[in-house]
Amino acid sequence: MNEKRNTEDGGKKERKKRRHYGIYFLGCVIFVYFFLFLFKPESIQRSLKASGDLFIKIIPVVFFIIFLMGVVNYFVNPKAISKYVGRKSGIKGWLLAISTGILSHGSIYLWYPLLKELRNQGMRSGLVAVFLYNRAIKIPLLPLMIYYFGITFVVVLLIYMIIASIVEGKIMEMMLKTS
Amino acid sequence: MRKQDHNKKQKNILTSFYRAFQNFGTALPVLLGVILLLGLFRTFVSKQMISSVFTGRLLQDTVIGAVIGSVSAGNAITSYIIGGELLKESISLFAVTAFIVTWVTVGVVQFPAEAAILGKRFAFARNTISFILAILISIATATTLMVIQ
């Protein structure tokens with residue numbers, strides 16, 4: 001019971017710390033906007049419009065990720081996590097991280113909270129890195145990539161990228177283990 | 001008994017989604033900051049600015065391509081379009097590959113969000129390794145294509 005309370009207190013403290021950091025960061029960016037507005041008001045208006053457009057575009061993905069996080073909170077428990085993407089997940093875990101990374105969509109930063117949630121429940125850090133790396137491979141964009149660079153280039157590049165993602169995951173695990 | 005179970009289940013669902021909202025809400029200021037930074041980037045950094053920094057030296061251009069891709073941000077489509085334009089201007093495939101790979105694997109603009117949410121050590125290590133791997137991938141890809149074709 002005490003252990004649970006300590007974990008909850010720790011979680012709250014960490015959330016508070018993260019929120020403070022986020023507010024400082026957002027404050028700094030707003031300050032940059034104000035500063036640049038003094039010299040280039042038109043460019044800043046364009047920047048705000050670009051940010052607004054981006055924000056509107058990501059709203060559906062935000063709701064999708066919050067929904068996914070809710071589902072993960074409800075259905076996924078540390079036992080399931082350790083089975084599929086935990087320390088003892090083996091090759092299945094790597095394949096799952098690669099395939100979900102490739103299939104996931106939306107901006108990368110929107111996935112950070114979900115990955116943190118999964119890691120807190122026992123997901124291996126190496127697999128988090130593998131997931132993030134494979135997000136670089138976007139299936140809907142492949143035709144465009146082929147149009148610009150040719151199919152041979154795309155196939156060769158994708159094979160190397162998947163290999164690199166595994167290398168990155170392994171290095172990350174070694175580095176984070178030793179630290 | 002069954003009704004109690006049903007109520008408990010309902011409560012668990014609500015708690016799960018409340019926690020999801022709460023966790024996302026904590027990350028919201030950083031995410032808004034990143035979106036505002038992306039707006040600045042789109043306005044202040046043009047395609048011409050990007051293509052003007054290449055030198056014509058293979059290794060140097062590969063590193064430059066990787067650096068520009070790392071500090072750039074936005075949809076991957078943009079990186080393909082710029083990459084295609086760079087190839088037309090005779091920039092090497094090594095540099096263009098490094099550019100499009102780091103565009104999607106290294107995130108200097110997203111770094112504050114990644115560090116705040118997943119941890120500074122994790123974010124720093126991941127981005128550094130991704131940068132090095134992007135250079136190796138570009139060398140391997142361009143060399144493989146030279147051998148194949």
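Proteins get letters first, then strands, A, B, ... in listed order; numbering begins at 1 in each. From a predicted model like this one, the values you see are computed outputs, not experimental measurements. Side-chain atoms are counted along with the backbone in the values below, which use heavy atoms only and exclude waters and symmetry mates.
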So how far is it from [X] [atom1] to [Y] [atom2], rounded to the nearest 0.5 Å?
| X | Y | atom1 | atom2 | value |
| --- | --- | --- | --- | --- |
| A:L176 | B:F122 | CG | CZ | 7.0 Å |
| B:T144 | A:I159 | OG1 | CD1 | 9.0 Å |
| B:L37 | A:L26 | CG | CG | 9.5 Å |

Among the listed options [options], the residue most often paired with chain B at heavy-atom distances under 4.5 Å:
| options | result |
| --- | --- |
| A:I30, A:I163, A:V29 | A:V29 |
| A:R119, A:K49, A:E117, A:M161 | A:R119 |
| A:S165, A:S43, A:G169, A:A50 | A:S43 |
| A:Y33, A:Y147, A:F55, A:F67 | A:Y33 |

- request: Decide side-chain contact (heavy atoms from CB on, under 4.5 Å) for B:V101 and A:Y160; before the verdict, give the C-alpha distance in whole Å, the side-chain angles of both, and the deciding distance to 0.1 Å.
  value: CA-CA 11 Å; B:V101 174; A:Y160 282 128; over 6 Å; no
Region of [X] that comes under 4.5 Å of a non-hydrogen atom in chain A:
| X | result |
| --- | --- |
| B:R126 | both |
| B:L32 | both |
| B:L87 | side chain |
| B:F44 | side chain |

message: Could you go through A:K40 and B:T43, starting from their C-alpha distance and side-chain angles, then the distance that decides it, and tell me whether this counts as side-chain contact (heavy atoms from CB on, under 4.5 Å)?
response: CA-CA 11 Å; A:K40 292 192 164 185; B:T43 312; over 6 Å; no
Largest heavy-atom contact set with chain A, pairs under 4.5 Å, which of [options]:
| options | value |
| --- | --- |
| B:A125, B:S79, B:A142 | B:A125 |
| B:I132, B:V104, B:V96, B:L28 | B:V104 |
| B:L145, B:T105, B:L118 | B:L118 |
| B:I100, B:N12, B:L36 | B:L36 |
| B:P112, B:A115, B:A113, B:G83 | B:P112 |

query: What closest approach, in Å, do B:V34 and A:F25 show between heavy atoms, and which atom pair accounts for it?
result: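 Scanning both residues, the minimum pair turns out to be N-CE2, 3.7 Å.
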- prompt: A:S51 and B:I35: which non-hydrogen atoms are nearest, and at how many Å?
  reply: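 Closest approach of A:S51 to B:I35, heavy atoms only: OG-O, 3.2 Å.
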message: Would you say that more than 12 heavy atoms from the other residues, nucleotides or ligands in this model lie under 6.0 Å from the CZ of B:F41, or not?
response: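 Result for CZ/B:F41: enclosed.
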- prompt: How about B:I148: does its CD1 atom have over 12 heavy atoms from other parts shown lying under 6.0 Å from it?
  reply: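 Yes, the 6.0 Å shell around CD1 holds more than 12 heavy atoms from other groups.
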query: Under 3.5 Å, side chain of A:E168 to main-chain N/O of B:S130, donor-acceptor pair present?
result: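 Answer holds: yes.
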message: Determine whether B:L40 and A:I44 satisfy the following criterion, side-chain contact (heavy atoms from CB on, under 4.5 Å), listing intermediate values before the conclusion.
response: CA-CA 7 Å; B:L40 279 182; A:I44 287 301; 3.7 Å; yes
Shared hydrophobic cluster, A:I171 / B:I137 (ILVMFWY, side-chain heavy atoms < 4.5 Å):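 In one cluster: yes.
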query: Given side chains that start at C-beta, do those of A:F153 and B:T97 come closer than 4.5 Å, heavy atoms only?
result: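 Yes. Closest side-chain heavy atoms under 4.5 Å.
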